[in-house]
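Heavy atoms only: backbone and side chains are in, while hydrogens, waters and symmetry mates are out.
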Amino acid sequence: MPLDDRIAAVTDRIIDRSRDTRTTYLDRMRRLAAEGPRRAHLSCGNQAHAYAAMEGDKDALVSARSPNLGIVTAYNDMLSAHQPFRDYPERIKEAARRVGATAQVAGGVPAMCDGVTQGQTGMELSLFSRDVIALATGVALSHNTFDAVLYLGVCDKIVPGLIMAAGTFGYLPGLFVPAGPMISGLPNDEKAKVRQQFASGEVGRDKLMEAEMASYHGPGTCTFYGTANSNQMLMEFMGLHLPGASFVNPGTPLRDALTAAAAERAAAITALGNDYRPVCDILDEKAFVNGMVGLMATGGSTNLVIHLVAMARAAGVILDCADFADISAATPLMARVYPNGLADVNHFHAAGGLGYMIGELLDAGLLHPDTQTVAGTGLAHYTREPKLADGALTWEDGARETLNDKVLRPATDPFQRAGGLVELNGNLGRGVMKVSAVAPERHLIEAPAAVFHDQPSVREAFRAGQLNRDVVVVVRFQGPRANGMPELHALTPILAVLQDRGHKVALVTDGRMSGASGKVPSAIHLSPEALDGGLIAKLQDGDLIRVDAAKGSIDVLTEGVADRPSATPDLTDNGWGVGRELFEIFRDRAGPATAGAASVV
């Protein structure tokens, strides 16, 4: 099937827009690659320090003929998704030795759990932790002793930060190694129902805790289709995972075999061999277009609209919000995974998963088939799925028909003809809305504004009965420069209660929502943000707001708003407590959401 004209048009304009930056980037990568094996440039003293603790591997390291793999790990046991990484370094080292290579832990990077910090002060560090992860990876790889890198990360900011670093070190091959989702627990819709019941006072904290613990109950990624699992999808669509690796549960023989295979493959694609596959050749314009198609076909997290922009910039590729909107309009929504449906990612994987979806999208001409990947040339590698046969890992042709059409449907008969995201433009600025879980009758909301500067004030107004009406809840001064652009997911149960009471409800904010956010129409990432001259800073209670996902517009209809002075709340408390003092430089340097809200790319 020839490439769809709409996908081709978006790709062409990205290539044109990125021509200068991409050319400069690739020139730098080629010059660095031409220097040859990294360790060859180290003095004997440098190398002695690097190998001092590598008992059993020193001879191979000194020879400089064996590939040396760097491991960058985001292990901690605060994140259930990252707890399985505890044993990965030893598994990787053993696998590397079997193919005549060596491996070292180059360094660790921080990894915070948005589930722990949701609605808390620590959430104001979350987005900028992505940039810290990129910086920490840069420190880890600055030792310049590695021929390829294995990146161990799964969750929300971790994979984007690691990609930003992998692009910066793009002359090195790199594989991303996942840990897989936890097994299914309490269904996500039942958990959400208890959260709403708690918000409205129908149940106590004991029932809420019981539901939460039954949902988040073991090692592995949370099973809803939020940012973490959207990251895993991207790594397959963009060719940086081994095929079919994303959604294999932790602690299983297949998961362990895939981890070993990642090390073996990393050793095979270094510049020391005959199949050199540096990250700079994988992360090109076509790969990012494929990633955006995957995001829309699966109804993935809106956080990736920010992260993909920052990730692409690290590889010299310039993305714009309009690219996401146009790809969404061309891409069918093929999956229903919570919060866009009742299934979880384990059900999605069992129904045929990413292999089936990639095959369908290739057949429909909606993906670039000729991309470079860690598995080889061509995205068709990712239509195959891993199996264990007599203890040996093999890849077989994946499902060509969905095994559950309530969860996964063919591209020719999707749940929706267009993907799950729309761009909003109007006198309030530019923003995005995830519509894959929003009922069509709620795509247009016109109602008076209720304006707030933080989440606690919204909760207080809700408890006081002040929001029991048609309302557009405006939460401003939540952008990257104001307070780090936290997720406002803690508002979801409140807004869902109001919506379920029959009111027309929407959220408008210069902040973010979680990848787990769903059925309430939310115009997010509004840019310019309030602190940077956005009209949102001039809104007042009662102003009439129209949010129209069908037309892609967001406007204040009340006259004279632009002539008002901007609100000037005291934001000094945003700068201290729970480590916020250390992040002042990030707030000061952060770009707008439309440019990835980053300070390092």
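- Residue G174 comes nearest to V374 through the heavy atom pair O-CG1, 3.4 Å, listed as atom of the first residue, atom of the second, then distance.
- A donor-acceptor contact shorter than 3.5 Å links the side chain of Q232 to the backbone of V154.
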**Message:** Could you go through Y171 and R31, starting from their C-alpha distance and side-chain angles, then the distance that decides it, and tell me whether this counts as side-chain contact (heavy atoms from CB on, under 4.5 Å)?
**Reply:** CA-CA 9 Å; Y171 53 91; R31 287 159 58 191; over 6 Å; no

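- When every heavy atom of G226 is checked against every heavy atom of S301, the shortest pair comes out as C-CB, 3.9 Å.
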**Asked** What's the verdict on side-chain contact (heavy atoms from CB on, under 4.5 Å) for L535 and N427, showing C-alpha distance, side-chain angles and the deciding distance?
**Response** CA-CA 7 Å; L535 190 63; N427 62 18; 4.3 Å; yes

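- Side-chain contact between L582 and L125 is absent, with no heavy-atom pair separated by less than 4.5 Å.
- Distance check, rounded to the nearest 0.5 Å: CZ of R476 to CG of L531 gives 12.0 Å.
- Between the side chains of T73 and Y88, no donor-acceptor pair is found at a separation under 3.5 Å.
- For the pair V508 and L526, the tightest heavy-atom approach, listed with the atom from each and the gap, is CG1-CD2, 4.0 Å.
- Remark: of the listed residues N303, V520, L488, L488 is the sole one forming a side chain to side chain contact (heavy atoms under 4.5 Å, CB included) with M513.
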**Request:** Give the C-alpha distance, both sets of side-chain angles, the deciding distance and a yes or no for side-chain contact (heavy atoms from CB on, under 4.5 Å) between H307 and L234.
**Result:** CA-CA 11 Å; H307 295 323; L234 282 176; over 6 Å; no

**Item:** Trace of the salt bridge (charged side-chain N to carboxylate O under 4.0 Å, His left out) decision for D16 with R19
**Value:** CA-CA 5 Å; D16 288 342; R19 196 171 307 280; 2.4 Å; yes

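- For the pair R6 and A329, the tightest heavy-atom approach, listed with the atom from each and the gap, is NH1-O, 3.9 Å.
- Heavy atoms of other residues, nucleotides or ligands lying less than 6.0 angstrom from CG of D588 number more than 12.
- The backbone N or O of F324 sits nowhere less than 3.5 Å from a side-chain atom of S328 that would complete a donor-acceptor pair.
- A donor-acceptor pair is defined here as one N or O able to donate and one able to accept, closer than 3.5 Å; no such pair exists between the side chain of D510 and the backbone of P528.
- Relative ring orientation between F128 and F583 is described as parallel, the plane-to-plane angle staying below 30° on a 0-90° scale split at 30° and 60°.
- A salt bridge between D131 and R589 is absent, with no side-chain N of the basic residue lying under 4.0 Å from a carboxylate O of the acidic one.
- Remark: the backbone N or O of L333 is not paired with any side-chain donor or acceptor of Q416 at under 3.5 angstrom.
- The pair R512-D156 fails the salt-bridge criterion, with no side-chain N (NZ, NE, NH1 or NH2) lying under 4.0 Å from an Asp/Glu carboxylate O.
- Using modelled atom types, one side-chain atom of R587 and one backbone atom of R580 make a donor-acceptor pair closer than 3.5 Å.
- H41 places a side-chain N or O within donor-acceptor distance of the main-chain N or O of E35, the cut-off being under 3.5 Å.
- Salt bridge annotation for R481-E529: absent, with no cationic side-chain nitrogen under 4.0 angstrom from a carboxylate oxygen.
- Of the inter-residue distances, the one linking D323 atom CG with I14 atom CD1 reads 4.0 Å to the nearest 0.5 angstrom.
- Side chain of T509 to backbone of I524: no donor-acceptor contact under 3.5 angstrom is found.
- Put simply, the side chain of D548 does not reach to within 4.5 Å of the side chain of M433, judged on heavy atoms.
- Contact record, L242 with L258: CD1-O, 3.8 Å, taken as the closest heavy-atom pair.
- Look at D27 and R30 and you find no salt bridge, because none of the NZ, NE, NH1 or NH2 atoms lies under 4.0 Å from a carboxylate O.
- Between atom CZ of residue R313 and atom CE of residue M311 there is a gap of 14.0 Å, rounded to the nearest 0.5 Å.
- Using modelled atom types, one side-chain atom of Y382 and one backbone atom of H241 make a donor-acceptor pair closer than 3.5 Å.
- The residues D284 and K286 are annotated as not salt-bridged, no charged nitrogen and carboxylate oxygen being separated by less than 4.0 angstrom.
- Under the 3.5 Å distance criterion, the side-chain polar atoms of E236 are matched with a main-chain donor or acceptor of A245.
- When atom types are taken as modelled, the side chain of E581 and the backbone of G577 share a donor-acceptor pair closer than 3.5 angstrom.
- Side-chain contact check for P369 versus L379: every heavy-atom pair is 4.5 Å or farther apart.
- With no hydrogens or angles considered, no side-chain donor-acceptor pair links T302 and H525 at under 3.5 Å.
- When side chains are defined from C-beta on, V309 does not count as touching T594, because their heavy atoms never get closer than 4.5 Å.
- The shortest side-chain heavy-atom distance between P110 and I133 falls under the 4.5 Å cut-off.
- Side-chain N/O atoms of T168 and R28 include no donor and acceptor closer than 3.5 Å.
- Between Q455 and A490, the closest heavy-atom pair is OE1-CB, 3.5 Å.
- The distance from the SG atom of C321 to the CD1 atom of I306 is 8.5 Å, given to the nearest 0.5 Å.
- Taking the ring-ring contact (aromatic ring centres under 6.0 Å, His included) definition, one finds that F176 meets it with Y151, sequence neighbours left out.
- With a 4.5 Å cut-off on side-chain heavy atoms, T227 and V159 do not count as touching.
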**Request:** Quick one: do N229 and F247 satisfy side-chain contact (heavy atoms from CB on, under 4.5 Å)? Show the steps, please.
**Result:** CA-CA 8 Å; N229 286 317; F247 299 133; 3.5 Å; yes

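- Within the 4.5 Å cutoff, the side chain of I7 has heavy atoms near those of the V293 side chain.
- Contact of the F237 side chain with the I358 side chain is registered, since non-hydrogen atoms from C-beta on lie closer than 4.5 Å.
- To the nearest 0.5 Å, atoms OG1 (T298) and OH (Y225) are separated by 2.5 Å.
- Between the CD atom of Q478 and the CD atom of E124 there is a distance of 7.5 Å, given to the nearest 0.5 Å.
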